[in-house]
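This report concerns only the one structure given below.
Numbers for residues simply follow the sequence, beginning at 1.
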Amino acid sequence: MQAIAPLEIIGTTDKEVSGIHFDSRKVGKGDVFVAQVGTAVDGHTFIDGCVTQGAAAIVLSNRAYMPEKGQKAPVACTKDSNVTYILVENTDRALGLLASKWFGEPSKELTLVGVTGTNGKTTIATLLYKLVRAMGHKAGLLSTVVNYIEDEAVPATHTTPDAIELNGLLRRMVDAGCTYAFMEVSSHAIAQERIAGLDFDGALFTNLTRDHIDYHKTFDNYRDTKKRLFDGLKKSAFAVTNKDDKNGLVMTQNCKAPVRTYSTRALADYKAQILEEGFDGMLLSINGKEVFVPLVGRFNVSNLLCIYGAALCLGFDEMEVLRVLSTLKPVNGRFETIRSPKGWTAIVDYAHTPDAVENVIQTIREIKKEGTKLITVVGCGGNRDKGKRPMMAQIAKKGSEQLILTSDNPRDEEPADILNDMKAGLTEEELRSTLVIEDRAAAIQTACTLAQAGDVILVAGKGHEDYQIIKGVKHHFDDHEVVRRYC
């Protein structure tokens with residue numbers, strides 16, 4: 001109980017509890033309900049119902065819902081003297097700490113490494129998981145695409161799960177014999193204290209570009225939220241950061257753990273350069289040693305350097321690390337190549353930020369043959385940062401011979417409104433040579449029809465996702481399937 005630093009307790013804490021929940025609908029007899037203040041709903045308003053359902057204890061942060069001293073009946077709750085009320089400053093943090101304790105602090109039994117940044121988190125976390133397993137160790141993965149407990153796939157609903165699901169997965173990893181765990185750590189997860197109570201042995205920083213401003217309001221807030229992962233590291237942990245990003249060293253300013261850097265341009269602990277490059281992979285020099293990897297693009301050189309650095313910090317043999325790196329394949333939906341019998345190539349990529357789109361386009365232009373076209377199909381998600389929409393269209397137009405604007409995941413917004421926001425980034429002249437096709441399948445089909453031998457089609461934004469959300473309804477949609485249908 002001391003772990004959550006209660007401000008006040010009414011009732012006894014000497015009782016058996018059955019479980020912990022933040023969703024009032026799941027609360028049953030003997031459970032603890034943690035009342036969180038969400039962006040849309042305040043969990044405190046459900047306290048009455050949870051008491052009626054048999055909750056043993058309520059953890060809350062609003063004193064108005066506490067019983068008055070000397071009385072058995074709470075002011076705003078169902079009268080029940082058997083319920084314990086625990087007032088804390090922050091119920092989000094309390095949930096993370098309680099969840100960790102409830103599952104026996106599984107993160108302390110694992111070598112846990114967190115990856116944060118705007119782009120590259122999935123690739124780095126996933127390939128580290130694969131690398132460690134290829135070296136004969138049992139490992140778990142928590143990622144945007146899918147979670148893994150050794151080789152058991154567990155569907156992922158968020159980049160970082162809620163605190164209860166997260167600790168439950170970590171406990172399952174420990175029980176399965178895993179000794180390592182790699183997880184993507186989103187800014188939302190840090191801000192909402194989903195990682196409170198976790199014992200990180202390492203933290204990795206990829207890069208920072210505009211994203212999630214709809215949630216964090218300012219770029220500085222977004223940056224400072226990411227930084228909290230490094231601020232909280234223990235001295236015995238390690239940090240690996242991207243020196244090529246202007247925020248790379250900002251992340252580690254207050255870090256107690258030893259810091260290592262990687263770069264493709266400056267002096268750093270881990271350095272690399274591209275010696276040869278094609279759509280099938282790159283020949284790299286990493287810290288003076290040559291290795292061919294089946295990944296493409298300068299952004300992936302940075303990702304691989306981060307993986308290489310993390311592996312060395314974990315104590316693995318350098319030559320063995322390089323050997324395994326040469327065998328690792330791209331992550332689903334991250335610069336995946338599809339070859340057409342007609343002679344053109346399609347790239348399916350998750351790029352959904354201005355920086356990611358620019359990086360992918362730059363990579364394609366460096367590889368594709370002179371005189372061939374790049375046809376880019378791109379959209380923007382609904383109910384997300386509107387400010388990046390014109391920027392993405394502008395970047396895609398500048399780098400492509402043909403741009404096709406289309407729908408992504410419109411969610412609750414009108415697709416036409418999202419497309420209008422994207423079109424605002426283009427001049428009248430640019431708009432005249434841009435195709436706007438709301439139906440994503442039709443947009444991809446059009447790109448495939450326009451492509452000639454040697455051309456490259458970039459289908460950006462959805463990557464691994466196999467659905468579209470339209471007016472709250474999830475429909476099956478897979479960019480890979482559509483490309484193959486028309487190749």
Side-chain angles (χ1 to χ4, degrees), residues 111 113-117 119-139 141 179-182 201-207 237-245 248-249 251-252 255 257-331 334-337 359-360 362-367:
T111 297
V113 178
V115 188
T116 198
N119 303 310
K121 296 189 298 296
T122 300
T123 294
I124 290 170
T126 304
L127 295 187
L128 268 170
Y129 157 79
K130 290 182 177 181
L131 181 145
V132 165
R133 292 192 73 220
M135 291 183 170
H137 300 274
K138 291 188 175 184
L141 172 69
T179 51
Y180 293 89
F182 302 96
D201 296 287
L204 316 177
F205 173 71
T206 63
N207 50 64
F238 67 86
V240 179
T241 192
N242 184 359
K243 203 173 180 181
D244 291 336
D245 189 286
L249 296 180
M251 288 290 134
T252 57
C255 183
V259 177
R260 298 290 181 267
T261 59
Y262 62 94
S263 172
T264 60
R265 301 194 294 265
L267 287 173
D269 296 296
Y270 314 118
K271 288 219 14 131
Q273 64 181 115
I274 300 173
L275 303 178
E276 294 178 21
E277 186 174 23
F279 283 121
D280 296 321
M282 301 177 286
L283 179 63
L284 304 179
S285 172
I286 298 180
N287 275 18
K289 298 175 178 65
E290 290 189 12
V291 58
F292 180 84
V293 294
L295 287 89
V296 175
R298 187 168 296 278
F299 60 94
N300 267 326
V301 179
S302 290
N303 291 338
L304 288 165
L305 273 177
C306 186
I307 294 164
Y308 169 82
L312 295 192
C313 287
L314 288 169
F316 292 111
D317 177 74
E318 181 186 24
M319 296 310 295
E320 183 66 3
V321 169
L322 291 172
R323 183 193 68 77
V324 176
L325 283 181
S326 71
T327 69
L328 299 178
K329 300 291 192 293
V331 176
R334 270 61 175 179
F335 211 94
E336 277 195 89
T337 302
N359 285 337
V360 173
Q362 180 183 345
T363 296
I364 294 171
R365 299 205 70 82
E366 288 173 354
I367 300 173

What are the two closest heavy atoms between [X] and [Y], and how far apart are they?
X	Y	result
Thr122	Arg334	OG1-NH2, 3.1 Å
Ala257	Ala237	CB-O, 3.4 Å
Leu305	Ser263	CD1-O, 3.3 Å
Val296	Gly281	CG2-N, 3.7 Å
Ala272	Ile286	CB-CG1, 4.0 Å
Met282	Gly297	SD-N, 3.5 Å

Could you walk me through whether Leu127 and Val331 pass side chain to side chain contact (heavy atoms under 4.5 Å, CB included), step by step?
-> CA-CA 8 Å; Leu127 295 187; Val331 176; 4.2 Å; yes
Less than 4.5 Å apart, side chain to side chain, heavy atoms only: is that true for [X] and [Y]?
X	Y	answer
Leu249	Thr241	yes
Val321	Met135	yes
Val240	Tyr262	yes
Phe335	Val360	yes
Leu128	Leu204	yes
Phe299	Thr206	no

By ring-ring contact (aromatic ring centres under 6.0 Å, His included), which residues pair with [X], not counting sequence neighbours?
X	result
Phe238	none
Tyr129	Tyr148
Tyr270	Tyr308

Please report the interatomic distance [atom1]([X]) to [atom2]([Y]), rounded to the nearest 0.5 Å.
X	Y	atom1	atom2	result
Leu284	Phe292	CG	CZ	9.0 Å
Asp245	Asn207	CG	CG	5.5 Å
Asn119	Ser302	CG	OG	11.0 Å
Thr126	Lys329	OG1	NZ	15.0 Å
Asn303	Leu295	CG	CG	8.0 Å
Asn287	Leu312	CG	CG	8.0 Å

What pairs with Ala239 under side chain to side chain contact (heavy atoms under 4.5 Å, CB included), at least two apart in sequence or on another chain?
-> Phe230, Leu233, Thr252, Cys255, Val259
Ser285: partners by side chain to side chain contact (heavy atoms under 4.5 Å, CB included), with sequence neighbours left out =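 Side chain to side chain contact (heavy atoms under 4.5 Å, CB included) list for Ser285, sorted by chain: Gln273, Leu275.
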Do Thr363 and Glu277 pass the side chain to side chain contact (heavy atoms under 4.5 Å, CB included) test, and can you show the C-alpha distance, the side-chain angles, and the key distance before you say yes or no?
-> CA-CA 10 Å; Thr363 296; Glu277 186 174 23; 4.0 Å; yes
Residue pairs, two or more places apart or on separate chains, that pass salt bridge (charged side-chain N to carboxylate O under 4.0 Å, His left out) and touch residues 285-294 = Lys289-Glu318
Sub-3.5 Å donor-acceptor pair from the side chain of Thr123 to the main-chain atoms of Gly120, do we have one?
->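 Not at all, since once roles are kept as given, no pair shorter than 3.5 Å links the two residues.
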Just by distance, do the side chain of Lys243 and the backbone of Leu267 share a donor-acceptor pair under 3.5 Å?
->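 Yes, Lys243 side chain to Leu267 backbone: donor-acceptor pair under 3.5 Å.
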Begin with the C-alpha distance, continue with both residues' side-chain angles, and end with the deciding distance and a verdict on side chain to side chain donor-acceptor pair (under 3.5 Å) for Asp244 and Thr264.
-> CA-CA 7 Å; Asp244 291 336; Thr264 60; 3.0 Å; yes
Before giving the answer on side chain to side chain contact (heavy atoms under 4.5 Å, CB included), spell out for His137 and Phe316 the whole-Å C-alpha distance, their side-chain angles and the decisive distance to 0.1 Å.
-> CA-CA 11 Å; His137 300 274; Phe316 292 111; 3.5 Å; yes
